[in-house]
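For reference, the structure discussed in these notes is given below.
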Amino acid sequence: MVTLKYQGQNYEQTTGGKTVTLGYTGTLEEILAFAAEEEVGTYNTEYGVLVNERHWQDGGNIWACEKKYSQDRNGNGKEPPNILFGKKSATSRGSVLALPIEACPKYLTNWNHYLFAAPGVTAIPAWWATEKTAIMSSEDAQKYAWGKSLGDCPVDSSGRWHVIKDPVKPGQTNWDVATYSVTETAKFANAKAAGKMQTNTLNKIGFPSETFGNSGGNWKCDDCTVQWQGDAWYATLTWTKSGDNNGWDTDLYGSV
């Protein structure tokens, strides 16, 4: 069993924070397995980021392993982006979606509809100022009709109807909603492996590996890239959060 060495704990203050170095002993098999449990660059919730690992024969059948971790000034582990091959790191940015104006919580039918009235009808109904749908009672439908364009004006046996109210927000078809996008990046040793990261993902509903605390709704992959950047092949996936908690329409988009 791997055990902590006598006087095997070392703590060092640096300009950027603190480092913790821990030394262990065990058999060769135990030390090799212990060293393989964490890759350099991974995050340990207790000690921080593993920045260095080495192991050596300490005498006879005894082997030693030393792991060095990085912490912030308060002794908390600093969790950086993952830079290991095949592992995803993520960045977040603000984004704007243009949604149909009807999706706005404050939407009123009069924002983008004309109100037509039958010949001889001039009274403006009280519900014109508060209605949220184009549905009306059969009694009202004998006298009034909604329409998004002048071409929707009804014509019946009594003649052509007329406009009694213009749209409150004429020409307004979309509503801009602030949302978030997350771009995941991972590096690979070859183009084929990088390409697999984006296979069957574009324009599909799913979730990035990191949402930065943004809850509600769901996410859709709206962009992806694969390119060589000097030392490795880098693949990216860009996810856009839905404009509301209803999420992206599963009737329109498949899932990853």
Can you find a pair of side-chain heavy atoms, one from [X] and one from [Y], that are under 4.5 Å apart?
X	Y	result
Asn44	Leu50	no
Asp58	Trp63	no
Trp161	Asp152	no
Val226	Phe188	no
Thr21	Glu12	no
Thr185	Lys88	no

Cluster check [X], [Y]: I/L/V/M/F/W/Y, side chain < 4.5 angstrom:
X	Y	value
Val51	Tyr43	yes
Phe212	Trp239	yes
Phe207	Met197	yes
Leu28	Ile62	no
Ile164	Trp127	yes

Anything under 3.5 Å between a donor and an acceptor, one on a side chain of residues 112-124, the other on a protein residue two or more places apart or in another chain? List them.
{"unit_1": "Asn112", "atom_1": "OD1", "unit_2": "Tyr107", "atom_2": "OH", "d": "2.7"}
{"unit_1": "Asn112", "atom_1": "ND2", "unit_2": "Glu102", "atom_2": "OE2", "d": "3.0"}
{"unit_1": "His113", "atom_1": "ND1", "unit_2": "Thr109", "atom_2": "O", "d": "3.0"}

We want to know whether [X] and [Y] form a side-chain donor-acceptor pair, criterion being a heavy-atom distance below 3.5 angstrom.
X	Y	answer
Tyr47	Glu38	no
Ser209	Glu184	yes
Trp111	Gln172	no

Of all heavy-atom pairs between [X] and [Y], which one has the smallest distance, and what is that distance?
X	Y	answer
Ala232	Lys187	CB-CB, 4.0 Å
Gln198	Cys224	OE1-SG, 2.9 Å
Leu237	Cys221	CD2-SG, 4.1 Å
Lys18	Gln13	CE-OE1, 3.4 Å
Val182	Pro208	CG1-CB, 3.9 Å
Glu53	Ala35	OE2-CB, 3.4 Å

Check whether [X] reaches the backbone of [Y] with its side chain - one donor and one acceptor, N or O, closer than 3.5 Å.
X	Y	result
Ser242	Gly217	no
Gln57	Gly59	no
Thr201	Thr199	yes
Asn52	Lys68	no

Atom pair [atom1]/[atom2] of [X] and [Y] - distance to nearest 0.5 Å:
X	Y	atom1	atom2	result
Asn190	Lys192	CG	NZ	8.5 Å
Ser92	Glu210	OG	CD	9.0 Å
Ile31	Cys65	CD1	SG	5.5 Å
Asn110	Lys132	CG	NZ	10.0 Å
Ser215	Asn245	OG	CG	7.5 Å
Thr240	Asn218	OG1	CG	11.0 Å

Check your understanding: Looking at Asp223, Thr183, Thr91, Thr225, which hits side chain to side chain donor-acceptor pair (under 3.5 Å) with Thr236?
Key ->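 Going through the options one by one, the only one that passes is Thr225.
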**Study point:** With Asp222 via salt bridge (charged side-chain N to carboxylate O under 4.0 Å, His left out) - residues at least two apart
**Key:**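 Once residues adjacent in sequence are excluded, the partners of Asp222 under the salt bridge (charged side-chain N to carboxylate O under 4.0 Å, His left out) criterion are Lys220.
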Review point. If you look only at pairs with a residue in residues 153-165, which of them pass as a salt bridge (Lys or Arg N to Asp or Glu O under 4.0 Å), with sequence neighbours excluded?
Key: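 For residues 153-165, and leaving out neighbouring residues, there are no salt bridge (Lys or Arg N to Asp or Glu O under 4.0 Å) pairs at all.
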Check your understanding: So, Phe34 versus Tyr24, ring centres under 6.0 angstrom or not?
Key ->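 Distance test on ring centres: under 6.0 Å, yes.
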Review point. How far apart are the C-alpha atoms of His55 and Leu32, what are their side-chain angles, what is the distance that settles it, and do they pass the side chain to side chain contact (heavy atoms under 4.5 Å, CB included) test?
Key: CA-CA 8 Å; His55 51 273; Leu32 290 177; 3.6 Å; yes
Practice item. Quick one: name the residues clustered hydrophobically with Leu252, using the 4.5 Å side-chain heavy-atom rule over I, L, V, M, F, W, Y, and just say none if it's on its own. Key: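 Members alongside Leu252: Leu97, Leu99, Trp175, Val177, Ile205, Trp248, Tyr253.
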**Study point:** Residues that, via side-chain heavy atoms closer than 4.5 angstrom, fall in one hydrophobic cluster with Tyr234
**Key:**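 Besides Tyr234, the hydrophobic cluster comprises nothing; the residue is isolated.
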Answer yes or no: are there more than 12 heavy-atom neighbours, outside [X] itself, under 6.0 Å from its atom [atom1]?
X	atom1	result
Gln229	CD	yes
Asn200	CG	no
Lys196	NZ	no

Practice item. Assess whether side chain to side chain contact (heavy atoms under 4.5 Å, CB included) is satisfied between Tyr69 and Glu46, documenting all intermediate values. Key: CA-CA 10 Å; Tyr69 300 89; Glu46 183 175 2; over 6 Å; no
Donor-acceptor pairs under 3.5 Å, side chain of residues 3-10 to any protein atom, not counting sequence neighbours: which ones?
{"unit_1": "Thr3", "atom_1": "OG1", "unit_2": "Thr25", "atom_2": "OG1", "d": "3.3"}
{"unit_1": "Gln9", "atom_1": "OE1", "unit_2": "Tyr11", "atom_2": "OH", "d": "3.0"}

Review point. Using the ring of each side chain (for Trp, its six-membered ring), is Trp228 parallel, tilted or perpendicular to Trp233, with breaks at 30° and 60°?
Key: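 Perpendicular, since the angle between the ring planes exceeds 60°.
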